[in-house]
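What follows is a short report on a single structure.
Letters go in sequence order (proteins before strands), and every chain restarts at 1.
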Amino acid sequence: MRKAIGAALQEAALDPFLTGREHLRLQTTMHGITGEDRRLRSDELLTRVGLTEAADRKIKGYSGGMKRRLDLALALVHRPRILFLDEPTTGLDVQSRTALWVEVGRLAKEEGVTVFLTTQYLEEADVLADRVGIIDHGKIVAEGTPEKLKSEISSSTVEAVPADPDQRGAVVAVLERFGEQTTGYGPGSVAVQLSSSNGNLTEIVRALDAEGVVLSQLQIHEPTLDDVFLAKTGRHLEGSGDAEEQEQEQELEAEPAQA
Amino acid sequence: MRGRLDVARGVSWRVLHMFFTNPAFLLPSLAFPLFFFTAFVGGLSRISQVPGFDFPTGYTAFQFVFVLLQSAAFAGVFTGFGIARDFESGFMRRLMLAAPNRSGILLGYVFSALVRWLTVAVVVTAVALLAQMNVGGNGVDLLGLYTLALLLNLAGALWATGVAMRLRTQQAAPVMQMPVFLLLFFAPVYVPLDLLKGWIHGVASVNPITPLLEAGRGFISGRPELRLVAFAIGVGLILGFAAWAVRGLRSAEAAG
C-alpha cells in the first residue's frame with residue numbers, strides 16, 4: 001500500500017548536509033532503485049523540477065522554493081499512483097508557486113496521478129483541482145467541483161464605489177434592488193450578490209444613473225472559491241485578522257485529478 | 001525482506017556518508033577512545049606493578065580491551081544521538097513516510113553503528129600496535145575479542161535507538177549515555193576484578209559488562225576464560241534491546 005503513495009510534507013524536512021542528488025539517492029535506494037535506473041530516474045526528476053544545476057549543492061544553500069520542488073521530486077521517485085501534498089506552495093514566491101502548479105497539473109493530467117492537496121490558497125484550488133472539499137473546524141462543509149460549488153452559492157457580485165462618499169446610501173438603495181448586500185470588498189465600496197434573475201449589468205447602470213449617482217468604479221465579479229468559502233463558513237480564508245488561528249482550523253482539500 | 005533491506009541500505013548509506021564526510025561526526029567517535037587509551041595506558045601503567053596484578057601481555061593490552069569495548073558501546077550510543085537529531089529536524093518523519101518498510105530504518109541505523117565502530121576499532125587497534133601492545137592470543141582468540149565488542153556495539157545501538165525512538169529529542173542524550181557509561185566504569189577497568197575491594201568489587205561482580213571485559217582480556221592474553229558466559233550475555237543484551245528498539249519504533253509510529 002505504502003508503495004502506491006507519495007507524500008510531500010508542509011515542512012520540507014531535508015538534510016542540510018546532503019545535496020539534492022544525494023537526497024534522491026537515499027530515496028531511490030529505499031525504494032529498491034539502484035545503479036543505472038537510479039541515475040536515470042534522479043536526472044529525470046531533477047530536470048522535471050528544474051533543479052539540475054543545483055543538484056550537487058548542499059541543501060542548506062537552497063531557497064524555500066527549491067526545497068519544495070526537491071520535496072516533490074522525492075515524493076515521485078517510486079512513481080506513486082496517489083500523491084499527498086500538504087500546503088506545497090505556502091511561503092513560496094509567485095514564480096516558484098507557478099512552477100509547482102504546472103508540475104502538479106502535469107502529474108494529474110499526463111501521468112494520471114491522483115493528487116490530494118491541502119492549501120490555504122483558494123486560487124490554487126481553483127486552478128488545480130477537479131474536486132474541492134472545504135474543511136472548517138475539522139469538518140467538510142462543502143465538496144464538489146469548483147464550478148459546482150460556485151454555481152451553488154450565487155451568481156455574480158457587483159461592486160460599486162461612489163465618487164462622493166455621501167452618495168453611499170443611494171448606491172446601497174439602488175443595488176439592493178438587484179440582490180443581497182455582501183461584505184468583504186473594498187472599504188469604500190458597496191457590493192451586492194446578484195439574484196439570478198437580476199443579473200443584468202446594463203439595468204444596474206441605468207438605475208444608478210437614474211438616481212444621479214456618480215461612480216468612481218464599477219466591477220462585476222464572477223463567483224470565486226473565496227465567495228464559496230465565505231458563504232459556507234461565514235468568513236474569508238485569507239486576509240482576516242485571526243488568519244493564524246484560521247490556518248490551524250480551516251483548509252481546503254483539493255483533489256486535482258483522479259486516476 | 002527485500003524492502004526492509006533496501007530501506008536499511010538507504011538509511012545506513014546516509015548515516016555513513018555524513019560520518020565519513022563530516023569531521024564533526026567522525027572526530028568525536030575517534031577522539032574519545034584514543035583519549036581513554038592514551039590516558040589510561042600512559043598515566044596508569046604503573047598499576048601493573050601492584051602486587052597481585054597478573055596479566056601476561058602487559059597493561060597496554062589490559063587497557064586496550066576496555067577501550068575497544070568502550071568504543072563499541074559508545075559507537076552504538078552515538079547512533080542514538082543521530083536518531084534523536086533526525087527526530088528534532090523532522091527528517092525522521094520523512095524517513096517514516098518514505099520507507100516502504102519501517103523496520104528497515106532500525107536495521108539501517110544499527111548497521112551504520114557497526115560500520116562506524118569498525119572504523120574506530122581499526123584506528124584504535126593501529127594506535128595500540130604502534131604503542132607496542134603485546135598480543136598473546138591467536139587469530140581465533142582475536143576474532144573472539146572483536147566479536148564480543150561487536151555484540152556490545154549492537155546492544156548499545158539498539159539500547160540508544162529504543163530511547164531515541166521513545167523520547168525523540170536530543171535532550172535524551174544523557175539517558176542514552178549515562179547507563180552505558182556507568183556500566184562500563186563500574187566494571188574492573190583499571191585492575192582485575194580480584195584486586196577490587198569493598199563495594200566496587202560487589203558492583204563489578206554483578207555488572208554484566210565484567211564477564212565481557214574479563215573474557216576479552218582472556219582472548220588478548222591467550223588465556224581465554226568466561227567465553228560462553230560473555231557471549232551469552234552479549235547475545236542476551238542484543239535480544240533484549242532489539243525488542244526494546246522495535247517497541248520504540250512502534251511508539252514513534254503511534255506518535256506520528
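The number of heavy-atom neighbours closer than 6.0 Å to CD of B/Gln171, taken from other residues, nucleotides and ligands shown, is 12 or below. Within a 6.0 Å radius of CZ in B/Phe32, other residues, nucleotides and ligands contribute 12 heavy atoms or fewer. Atom CD of A/Glu53 is surrounded by 12 or fewer heavy atoms from other residues, nucleotides or ligands within 6.0 Å. For CZ of B/Phe35, the number of neighbouring non-hydrogen atoms (other residues, nucleotides, ligands) closer than 6.0 Å is 12 at most. Enclosure of atom CZ in B/Phe111 is not indicated, since only 12 or fewer non-hydrogen atoms of other residues, nucleotides or ligands lie within 6.0 angstrom. For CZ of B/Arg247, the number of neighbouring non-hydrogen atoms (other residues, nucleotides, ligands) closer than 6.0 Å is 12 at most. The neighbour count for B/Arg85 CZ, taken as heavy atoms of other residues, nucleotides or ligands under 6.0 Å away, is above 12.
B/Ser89 approaches A/Ala13 most closely through the heavy-atom pair O-CB, 3.8 Å. The two residues A/His31 and B/Ala98 make their nearest non-hydrogen contact at NE2-O, 3.1 Å.
Interface remark: A/His23 contributes side-chain atoms only to the contact with chain B (heavy atom separation under 4.5 Å). With a 4.5 angstrom heavy-atom cutoff, B/Arg14 touches chain A only via side-chain atoms. With a threshold of 4.5 angstrom between heavy atoms, A/Thr28 does not approach chain B through any atom at all. Contact annotation for A/Leu26: both backbone and side-chain heavy atoms come within less than 4.5 Å of a heavy atom of chain B. In this structure, chain B has heavy atoms under 4.5 Å from both the backbone and the side chain of A/Leu14. With a 4.5 angstrom heavy-atom cutoff, B/Arg102 touches chain A via backbone and side-chain atoms both.
Under the side chain to side chain contact (heavy atoms under 4.5 Å, CB included) test applied with A/Met30, the options B/Val11, B/Asp6, B/Ile105 reduce to a single match, B/Val11. For the pairing with A/Phe17, the ring pair (Phe, Tyr, Trp, His ring centres under 6.0 Å) check across B/Phe19, B/Phe25, B/Phe91 returns one residue only, B/Phe25.
The candidate from B/His17, B/Arg4, B/Arg9 with the greatest count of non-hydrogen atom pairs under 4.5 Å with chain A is B/His17.
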**Report entry** Test salt bridge (charged side-chain N to carboxylate O under 4.0 Å, His left out) applied to A/Asp15 and B/Arg94, step by step
**Finding:** CA-CA 10 Å; A/Asp15 187 334; B/Arg94 162 177 298 287; over 6 Å; no
